[in-house]
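One structure is given here, and the rest of the page talks about it.
Just so it is clear, the structure is predicted and the values come from calculations on it, not from any experiment. Counting begins at 1 with the first residue of the sequence.
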Amino acid sequence: MPLARSLSVTSLSGLEEWDEEFDLEDAVLFEIAWEVANKVGGIYTVIQTKARLTSEEWGENYFLVGPYVESNVRTQVELIEPTNPALRRTIDKMNSSGCKVYFGRWLIEGSPYVVLIDIAFTAWSLDSWKSELWELCSIGVPWFDREANDAVLFGFLTAWLLGEVTQCEQPAHIVAHFHEWLAGLGLVLCRQRQLPVATIFTTHATLLGRYLCAGNVDFYNNLAEVSDYIIDSLWSRAAAHCAHVFTTVSQITAIEAEHLLKRKPDIVTPNGLNVKKFSAMHEFQNLHAQSKSRIQEFVRGHFYGHLDFNLDKCLFLFIAGRYEFSNKGADIFLEALARLNYLLRVNHSDVTVIAFFIMPARTNNFNVETLKGQAVRKQLWDTAQTVKERFGKKLYESLLVGQLPDVSKMLDKEDFTIMKRAIFATQRQCQPPICTHNMLEDSSDPILNCVRRIGLFNSSADRVKIIFHPEFLSSTSPLLPMDYEEFVRGCHLGVFPSYYEPWGYTPAECTVMGIPSISTNLSGFGCFMEEHIADPTAYGIYILDRRCRGVDESCNQLTSFLFQFCKQSRRQRIIQRNRTERLSDLLDWKYLGRYYIAARHMALAKAFPDTFIYEPQDTTAGFRYPRPASVPPSPALSRHSSPHHSEAEDNEDDERYDEDLEAEKDKVNIRQPYTLAHTDNAENALVRRMVSPCV
């Protein structure tokens with residue numbers, strides 16, 4: 001039976017249904033990545049979330065290939081015997097030749113098949129394979145580079161696997177999709193050996209771009225000057241040129257790849273997510289309230305003895321991701337927080353901002369003072385429960401005999417003694433800690449040094465507080481027992497002012513959870529949203545200009561965004577969250593998966609032109625969200641600002657604003673003015689912005 005994929009996005013009324021039939025009866029897809037069942041980077045999220053959609057399209061003919069990591073296999077993979085006869089013979093032959101290859105199901109949505117290769121088992125071949133690589137491709141690999149050595153082993157073993165599959169009695173039409181340079185060598189070898197395989201190479205970033213941006217180089221304004229560097233990924237450029245189809249994850253990375261890898265991508269394949277839709281709008285708002293309550297409990301413990309601010313007037317901001325101080329924008333965020341603190345103080349604002357930095361760094365344990373805070377909070381809670389039970393018992397007995405209680409006798413001396421002891425326990429001689437852990441390199445840590453410079457030490461006078469959590473969140477943590485999704489849902493704003501961000505999963509995750517975010521016009525996500533939304537700010541997507549402004553100007557703009565957000569009323573924030581959540585369809589794999597489908601079809605047509613014919617259509621046309629149908633009660637139509645509303649005005653907003661009606665009007669007004677994947681309109685528009693003088 002043909003495995004044809006018919007994709008329809010019915011929740012987006014502005015999108016025409018896409019029904020592209022492509023006979024995949026005898027086609028097999030191998031998707032190769034170092035991150036398969038191996039959580040070491042953002043590509044893991046791409047592979048893991050996309051697996052369900054790809055499994056639905058290819059069925060039993062879809063196989064993921066990755067490295068065998070025993071600790072991951074024990075918890076994520078169910079090892080089984082291969083179901084495909086050709087693959088079974090291939091694995092048996094490789095195992096009998098000195099390799100160690102495993103087959104199983106990855107226990108994620110879609111339950112895709114995985115082929116896991118133990119590269120350590122064939123490390124004895126490293127020197128001979130390096131020599132072969134130099135002789136065939138003139139690519140040299142330093143002996144001391146562990147990451148490159150692993151990539152050499154993985155590349156040769158992947159090419160060996162695909163070569164054996166192609167030699168079966170009834171070879172299928174094989175598509176091999178390689179992600180990033182760690183897997184790219186396998187593609188180069190497949191083409192060098194002239195294997196009958198349709199190849200795709202996707203670059204998610206470039207090493208040169210990441211390194212130069214971290215070194216404070218004005219990278220995007222000097223692409224022509226830096227394009228002659230050849231350090232990038234050893235064989236990334238070779239993989240990009242050898243592939244039948246070359247793709248990247250965003251328009252801005254496409255321009256970067258064209259300069260550094262010397263090939264223009266055939267298709268841009270944006271990263272998506274599996275979006276869980278709620279039957280009622282208030283459901284995700286309830287989840288926000290529940291998660292916010294749990295964060296508030298942590299804050300009560302962390303700031304014990306200095307809890308002189310109103311938690312109901314407290315806003316939670318956060319930045320999360322790989323600890324790249326400059327690339328991820330932590331530097332500009334801290335500077336903006338210092339300026340925001342000044343504005344809130346001089347304007348006598350009653351709002352308190354708590355900014356969380358969730359970035360893993362080297363630590364040896366939890367901070368004792370931080371753990372003590374949570375213990376004190378729990379002790380106070382237990383004390384309050386004890387007194388409440390004693391009070392309730394006396395009240396109950398008084399009512400039983402038909403008497404109103406004498407309030408002066410409801411609490412005795414013992415109750416007051418217990419409460420006084422609890423109050424004395426909250427006394428604190430030091431400020432609440434900035435960092436929740438003991439840092440191994442405290443004196444040289446970029447975030448802590450910047451905090452020392454700007455002087456935000458969580459003092460009572462500061463309206464902005466900082467909490468640095470140098471570890472990924474976990475629901476089993478004794479300190480902040482929440483997983484990342486719960487934490488994001490409980491925050492009010494995600495701040496990601498990245499200078500180098502090829503895509504940006506963190507703001508995308510905020511969007512699908514209905515949490516407003518700040519990103520930049522140098523991130524793939526920010527550029528994608530600017531192309532698809534007429535007024536991103538009205539939908540809670542703030543786009544910071546880091547392309548045409550200096551650091552100080554960008555910092556002032558970020559401060560303005562944060563200050564205006566602090567001036568919003570609670571009702572305004574609720575309306576904005578509703579609008580943000582409506583954008584989740586844009587980031588769903590049900591919509592974005594079509595770009596990967598088009599890339600695979602194009603590769604098959606290029607590799608097997610006698611069997612497959614691919615005709616680009618307008619089926620991957622983009623669409624554009626209009627401004628909200630109602631007058632925005634949050635940032636104004638043309639300004640990133642918001643007036644301060646009183647409670648009476650909030651009531652007027654309640655009567656004037658109808659979320660469901662606005663959502664329906666927006667769906668009707670969605671328009672499709674351009675095509676994204678197979679025309680150059682969107683890219684040309686971005687190129688014009690990239691090369692034109694900044695005003």
### Query
Where do Leu182 and Asp150 land on the side chain to side chain contact (heavy atoms under 4.5 Å, CB included) test, with the steps shown first?
CA-CA 8 Å; Leu182 282 163; Asp150 288 346; 5.7 Å; no
### Message
Glu531 vs Gln251, test: side chain to side chain contact (heavy atoms under 4.5 Å, CB included). Steps then yes/no.
### Response
CA-CA 10 Å; Glu531 294 290 344; Gln251 295 288 354; 5.8 Å; no
### Message
Run Leu592 and Phe528 through side chain to side chain contact (heavy atoms under 4.5 Å, CB included) and show every step you take.
### Response
CA-CA 12 Å; Leu592 296 180; Phe528 181 81; 3.8 Å; yes
### Message
Pair Ile117, Tyr68 - check side chain to side chain contact (heavy atoms under 4.5 Å, CB included), show working.
### Response
CA-CA 5 Å; Ile117 304 172; Tyr68 176 84; 5.9 Å; no
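Two residues are said to be in side-chain contact when any heavy atoms from C-beta on lie closer than 4.5 Å; Phe30 and Thr158 fail this criterion. Ile319 has its side chain within reach of Met359: a pair of non-hydrogen atoms, C-beta onward, lies under 4.5 Å apart. Within the 4.5 Å cutoff, no side-chain heavy atoms of Glu256 are placed close to those of Ile252. In this structure the side chain of Phe525 reaches within 4.5 angstrom of the side chain of Thr511, judged on heavy atoms. Counting only heavy atoms from C-beta outward, the side chains of Val36 and Val65 never approach each other to under 4.5 Å. Residues His244 and Thr199 meet the side-chain proximity criterion, which asks for heavy atoms closer than 4.5 Å. Under the 4.5 Å side-chain criterion, counting only non-hydrogen atoms from C-beta, Tyr591 is not in contact with Val275. Looking at Thr45 and Glu35, their side chains never come closer than 4.5 Å, going by heavy atoms from C-beta outward.
Judged by distance alone, with hydrogens and angles left aside, the side-chain atoms of Asn327 form no donor-acceptor pair with the main-chain N or O of Tyr500 at under 3.5 Å. Here the side chain of Arg105 pairs a donor or acceptor atom with the backbone of Ser111 at under 3.5 angstrom. Without hydrogens or angle criteria, Asp118 side chain to Cys99 main chain gives no donor-acceptor distance under 3.5 Å. The backbone N or O of Glu441 lies less than 3.5 Å from no partner atom in the side chain of Asp445, so there is not a single donor-acceptor pair. Distance alone, capped at 3.5 Å, is enough to place a donor-acceptor pair between the Arg237 side chain and the Leu260 backbone. Not one N or O on the side chain of Arg600 forms a donor-acceptor pair closer than 3.5 Å with the backbone of Leu29.
Shortest non-hydrogen contact noted between Ser55 and Gly110 is OG-O, 3.7 Å. Between Tyr595 and Pro270, the closest heavy-atom pair is CD1-CD, 3.6 Å. Taking every heavy atom of both residues into account, Leu195 and Ala159 meet most closely at CD1-O, 4.0 Å. Closest approach of Thr248 and Pro265 over heavy atoms only: CG2-CG, 3.7 Å. Nearest heavy-atom pair, Ser326 versus Arg546, reported as atom, atom and distance to 0.1 Å: O-NH1, 4.3 Å. The two atoms that bring Glu509 and Val512 nearest to each other are O-CG2, 3.3 Å, heavy atoms only.
The aromatic rings of Phe608 and His173 sit perpendicular, their planes meeting at an angle over 60°, well past the 30° parallel limit.
Across Thr49, Thr54, Asn274, a single residue satisfies side-chain hydrogen bond (donor to acceptor under 3.5 Å, both in side chains) together with Trp589, and that is Thr49. Among the candidates Arg193, Lys93, Arg89, the single residue satisfying the salt bridge (charged side-chain N to carboxylate O under 4.0 Å, His left out) test with Glu164 is Lys93. Each of Tyr323, Phe333, Phe496 was compared with Phe357 under the ring-ring contact (aromatic ring centres under 6.0 Å, His included) criterion, and only Phe333 meets it.
We find that Asp92 and Arg88 are not joined by a salt bridge, their nearest charged nitrogen and carboxylate oxygen being 4.0 Å or further apart.
When only modelled atom types and interatomic distance are considered, Thr202 and Thr247 share a side-chain donor-acceptor pair under 3.5 Å.
Between Glu132 atom CD and Cys137 atom SG the span is 8.5 Å, to the nearest 0.5 Å. Note: Ile543 CD1 to Thr520 OG1 = 8.0 Å, rounded to the nearest 0.5 Å. The distance from atom CG of Asn271 to atom CG of Leu587, rounded to the nearest 0.5 Å, is 10.0 Å. To the nearest 0.5 Å, atoms OH (Tyr614) and NZ (Lys606) are separated by 10.0 Å. A distance of 10.5 Å separates CD1 in Ile174 from CG in Asp26, rounded to the nearest 0.5 Å. The OG1 atom of Thr203 sits 14.5 Å away from atom CZ of Phe178, with the distance rounded to the nearest 0.5 Å.
A cation-pi arrangement is present between Lys50 and Tyr596, with the terminal nitrogen or guanidinium carbon under 6.0 Å from the aromatic centre and inside a 45° cone about the axis.
A centroid separation of 6.0 Å or more is found between the aromatic rings of Trp58 and Phe63. No close placement of the Phe472 and Tyr484 rings is indicated, their centers lying 6.0 Å or farther apart. Aromatic ring centroids of Tyr44 and Trp106 lie under 6.0 Å apart.
Sorted by first then second residue, the ring pair (Phe, Tyr, Trp, His ring centres under 6.0 Å) pairs that include residues 184-205, not counting sequence neighbours, are His179-His204.
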